[in-house]
There are 2 protein chains.
Amino acid sequence: MHSHSHERARPFENRFEIVIMVPNKSREKLDLGPLPSLLGYALRRAQLAVFADFNAACEKLQLRPAQFSALLLIEANLGCKQSDAAEALGIMQPNFVALMDELERRDLARRAPGKTDRRAYALELTDAGGTLLERARTVVSEHDARITRGLSASETALLLQLLARVEQNATPQVAP
Amino acid sequence: MHSHSHERARPFENRFEIVIMVPNKSREKLDLGPLPSLLGYALRRAQLAVFADFNAACEKLQLRPAQFSALLLIEANLGCKQSDAAEALGIMQPNFVALMDELERRDLARRAPGKTDRRAYALELTDAGGTLLERARTVVSEHDARITRGLSASETALLLQLLARVEQNATPQVAP
DNA sequence: TATTGTTATACTCTATAACTATA
DNA sequence: TATAGTTATAGAGTATAACAATA
């Protein structure tokens, strides 16, 4: 408090003052009403923010969430069919075609001919795909640590468990 | 058990047996690897399932999540500006225009002229909008109860709190 | 007859640039 | 010069129908 007025009294010293003018948006903060207590709303907000962080982190690698998860899935299930991979990721088959086209175009994954069924492909990672996935793993781990910072290990585990239960609750069950 | 074989012995009674043939997809269950432990992945899965349940529940009312939240927000902030409403909901202004167009076309909300600023609108609910919102509140409450069933009140509260913290972690902070 | 992968297509959500009319 | 609202547009993500090749 005293130092400030003292410094102001020596105007010709070699100092800089950087002022960032944030344009005053003058936005009224609105009352969100019951929205924050609606789970679907909170889920949506969190998911959008988390994907934005993921995309920013993986911009260098040019990997979107679906592409990253596809590479992970192929690595964990070498030789699997396209339809099984799409099903596991919750992606419709026609949409997964375009995803695989792109991964193949970038030489990250490969559609090898099926061993027994000539209709089906056996999905594989290329060497470049394995290398990129290794780099992505690091970046995504950092991303995951960033979005869960301040949460204890047990809180994070509980969050994952609660999300799984909510997903289960919201998923229509088919008769066995 | 006995009754069944007994009934089979009387083939000409006026009974029906309805058999639903579920096509055996013969899908291999793939190994999801580290995906289930990634928060972003769990968030996305849960959010998709929850929105699907919301949309199924609100199909009768023809209300999508963004429309419902907009009606709620307008009701809680009668006379608010369009830009403030969009900002509060995390919707880009140009996209909120189309949303309001649709609500106005269905006579659920209204763009009244601004009191002091002739550039701005004052958003209001119509009577029909208030009535529909009241019905939607019931449907969405049931939806919310459905997706959180099996969770205790404290678990649900904790889930909301953890989601808010994750959203905050993932949101880039601007310097004040 | 059913499954695998594919094409074509459509609809929603999201994002950006550029315009107008007011301030 | 900046803000409120708008238009136009583009890009993802998601969904379905219909087809060819194979089982």
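In what follows, chains carry the letters A, B, and so on, assigned in the order in which the sequence lines appear, proteins first and then strands, with residues in each chain numbered from 1. Here the structure is a predicted model, which is why all the values come from computation and not from measurement.
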Sort and list the pairs that fulfil side-chain hydrogen bond (donor to acceptor under 3.5 Å, both in side chains) and have at least one residue in residues 118-128 of chain A, not counting sequence neighbours. A:Arg110-A:Glu124, A:Asp117-A:Arg119
List in chain and number order the residues that pass salt bridge (Lys or Arg N to Asp or Glu O under 4.0 Å) with A:Glu59, two or more places apart in sequence or in another chain; answer none if no residue qualifies.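 Once residues adjacent in sequence are excluded, A:Glu59 has no partner under the salt bridge (Lys or Arg N to Asp or Glu O under 4.0 Å) criterion.
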Check the distance between C:dG5's P and A:Met100's CE and give it to me in whole angstrom. 10 Å
Using a cut-off of less than 4.0 Å, is there contact between a side-chain N or O of B:Tyr121 and OP1 or OP2 of D:dT3?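 So the side chain of B:Tyr121 is outside the cut-off, no N or O lying under 4.0 Å from OP1 or OP2 of D:dT3.
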Considering just the side-chain nitrogens and oxygens of B:Lys81, establish if one lies under 4.0 Å of OP1 or OP2 belonging to D:dG5. no
In terms of side-chain heavy atoms of B:Met92, which of C:dT16, D:dA17, C:dG5 is nearest?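 Ranking C:dT16, D:dA17, C:dG5 by closest atom to the B:Met92 side chain puts C:dT16 first.
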Would you indicate which nucleotide in D:dT6, C:dT4, D:dT16 comes nearest to any side-chain atom of B:Gln93?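 Looking only at side-chain atoms, B:Gln93 lies closest to D:dT6.
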Touch class at under 4.0 angstrom, heavy-atom based, for A:Leu48 against every strand present: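 If one applies the 4.0 Å heavy-atom cut-off, A:Leu48 turns out to touch the sugar-phosphate alone, with no base involved.
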Qualifying salt bridge (Lys or Arg N to Asp or Glu O under 4.0 Å) pairs, either residue in [range], two or more places apart:
range                       : result
residues 130-140 of chain B : B:Glu75-B:Arg137, B:Glu134-B:Arg137
residues 160-171 of chain A : A:Arg165-B:Glu155, A:Glu167-B:Arg45
residues 141-151 of chain A : A:Asp53-A:Arg146

List, with names and distances, any nitrogen or oxygen atoms from the protein found under 3.5 Å away from nitrogen or oxygen atoms belonging to nucleotides 9-13 of chain C.
residue, atom, partner, partner atom, Å
C:dT12, O3', B:Arg64, NH1, 3.2
C:dC13, OP1, B:Arg64, NH1, 3.3
C:dC13, OP2, B:Arg64, NH1, 3.4
C:dC13, O3', A:Arg44, NH2, 3.2

Using atom types as modelled, flag every donor-acceptor pair under 3.5 Å from a side chain in residues 63-73 of chain B to any protein atom, sequence neighbours excluded.
residue, atom, partner, partner atom, Å
B:Gln67, OE1, B:Arg64, N, 2.8
B:Ser69, OG, B:Pro65, O, 3.2
B:Ser69, OG, B:Ala66, O, 2.9

Expected rows: protein N/O vs nucleotides 19-23 of chain C N/O, under 3.5 Å:
residue, atom, partner, partner atom, Å
C:dT22, O2, B:Arg119, NH1, 3.4
C:dA23, OP1, B:Arg118, N, 2.9

Exercise answer: donor-acceptor pairs, residues 95-103 of chain A side-chain atoms, under 3.5 Å, sequence neighbours excluded:
residue, atom, partner, partner atom, Å
A:Asp101, OD1, A:Arg111, NH2, 2.0
A:Glu102, OE1, A:Arg105, NE, 3.1
A:Glu102, OE2, A:Arg105, NH2, 3.1

